[in-house]
Amino acid sequence: MSARKLVAGLGACAALLAATAGCGGSAPSGAAGAAAGRDSGPVRIGALHPVSGANAVDGQQMRRGAQMAVDAINAAGGITSLGGRKVKLETGDTQGKAEVGQSEAQRLISEGSVGLVGTYQSAVSTNVAVVAERNRVPFVMDVTASDAIFAHGYKYAFRVQPGSAAIAGAAARYLKEVSEKAGKPVKKVAFLHEQTDFGAGAAEAFAKAAKKLGIQVGPNISYDAVTASDLTAQITQVKASGADVLAVAGYYRDGLLAAKAINAVKPNLNAVWGVSDGAFDQPKFVSDVGALGERYFSTNYHYDAKNPETVKLRAEYQKRYGAPMRTGAVLAYDAVQVIAQGVERAASTDPKKVRAAIAASQVRPLTVGTGPIAFAANGDNKNALPVLMQVQNGQIKQVYPQDKAESQPNYSVTWRP
């Protein structure tokens, strides 16, 4: 982790001191009211996602995934150790803004949420993690790539997805193995990324892992995902660099811009390689860009396409909402299940007891992993596994590692013979 990222994380904690009276110490003055809200009625789980703003589609997907988990729990009898108490999802819209996520987290906790899930964006999760730690309420992150949050020794922060370093390390390793098997060993990787902690962290972690594998990385090209309207200049720079692979880490909207620019410039590449990218493994990306995205790779967290339970859940989502269920929504489903099973195991809505139960739990995931969701001492899911996907014939397919593959990787691009 870079010094910049560490300072940013510590700065976030310091910036919240005034609002939360520190990153430790006694509980806030509203704790009594929150406890009363937890002791009766439904068991409340708070869900924080961006359901307005630039990432509203993903945020709405994740809120729906969380609600489907609540519906499944209640249909199965609720929290049996608490006499069948039902679960209720309390929601907050972060608007994709860290300060809004912070205030919404405090509101949900004050209203009696036994735990929080969220938030899709690392910058927002950074603030929410501090609020959760201050209030001693579990925060189970569904989608949050940044590893900096987990460097502070927080006791109430957990994460379901694999982190930035894990994904970037797998991306570099998979690239080396897949390119060598194809007879076109990777030589030089250009890295295009959005400029916040998420994209910069992915680029830094990938470069570190690639160096150990003897892969040259450069140039490193950043952009503002909020204001960018065209990435042609950046892709032209990639073409001039002589790189044979382009790695990309960004969000959905800028992923579309990258695909359009790549089609226009047609750099001399063997592969486009997503690293925690928010676009290349989404069904909507395929429908939005059509043939432009064919054969794009993406190393990321992913729903387990070979798990019958996941297949059933995604079919129900499609039936209920008329759209394919994205991985973020499946992760939100898993995160709610983690908290609910923590409450079940603790037989209590006391957040401290729920936190201890979560830390000791093993929850069967609907996303790809090497085993059940189980947390290391720092709150990371130690069995989370990044998987390599590729757009093949208009569909997203898991292609690597071999035991998770639905089909074989095609290491090539469509605009080169």
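No experiment lies behind these values; they were computed from the predicted model shown. Residue numbers start at 1 and run along the sequence shown.
Side chains of Asn220 and His193: a donor on one and an acceptor on the other come within 3.5 Å. Asp58 and Tyr252 share no side-chain donor-acceptor pair at under 3.5 Å. Looking only at atom types and distance, the side chain of Thr310 has no donor-acceptor partner in the side chain of Asp304 under 3.5 Å away. Residues Thr80 and Glu344 bring a donor and an acceptor atom of their side chains to less than 3.5 Å of each other.
Looking at Pro351 and Arg136, their side chains never come closer than 4.5 Å, going by heavy atoms from C-beta outward. With contacts defined as side-chain heavy-atom distances shorter than 4.5 Å, the pair His302/Lys404 does not qualify. Using a 4.5 Å cut-off on side-chain heavy atoms (C-beta onward), Trp415 and Ile262 make contact. Between Thr119 and Asn127 the shortest side-chain heavy-atom distance does not fall below 4.5 Å. When side chains are defined from C-beta on, Asp334 counts as touching Ile373, because their heavy atoms get closer than 4.5 Å. Taking the side chain as every heavy atom from C-beta outward, Lys211 and Val217 never approach each other to under 4.5 Å.
Every residue two or more places apart in sequence or in another chain that forms a ring-ring contact (aromatic ring centres under 6.0 Å, His included) with Phe375 is listed here: Phe158.
In this pair, Tyr411 and Trp273 present their aromatic rings perpendicular. The plane angle is above 60°, beyond the 30 to 60° band. Aromatic ring orientation, Phe280 versus Tyr296: perpendicular (interplanar angle above 60°, classes split at 30° and 60°).
Annotation: the span from Glu133 atom CD to Arg355 atom CZ amounts to 8.5 Å, rounded to 0.5 Å. Interatomic distance, OH of Tyr333 versus CE of Met325, reported as 8.0 Å (0.5 Å rounding).
Listed for the Gln398 side chain is a donor-acceptor partner under 3.5 Å among the backbone atoms of Ala305. Looking only at distances, no side-chain donor or acceptor of Asp224 sits under 3.5 Å from a matching main-chain atom of Gln195. Not one N or O on the side chain of Gln282 forms a donor-acceptor pair closer than 3.5 Å with the backbone of Arg326. Judged purely by atom type and a 3.5 angstrom limit, Gln60 has no side-chain atom pairing as donor or acceptor with the backbone of Val51.
The local environment of NZ in Lys184 is crowded, with over 12 non-hydrogen atoms from other residues, nucleotides or ligands closer than 6.0 Å. Surrounding CZ of Arg320 are more than 12 heavy atoms belonging to other residues, nucleotides or ligands, all under 6.0 Å away. Lys353 NZ: 12 or fewer foreign heavy atoms inside a 6.0 Å radius.
Tested against Leu269, the residues Val245, Leu246, Val189 include a single side chain to side chain contact (heavy atoms under 4.5 Å, CB included) partner, Leu246. The only option from Thr144, Asn378, Asp147 that meets the side chain to side chain donor-acceptor pair (under 3.5 Å) definition with Arg159 turns out to be Asp147.
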Can Gln161 and Asn300 be said to form a side chain to side chain donor-acceptor pair (under 3.5 Å), step by step? CA-CA 9 Å; Gln161 72 151 92; Asn300 216 333; 5.5 Å; no

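Glu104 and Arg107 are joined by a salt bridge, as a carboxylate oxygen and a charged side-chain nitrogen come within less than 4.0 angstrom of each other.
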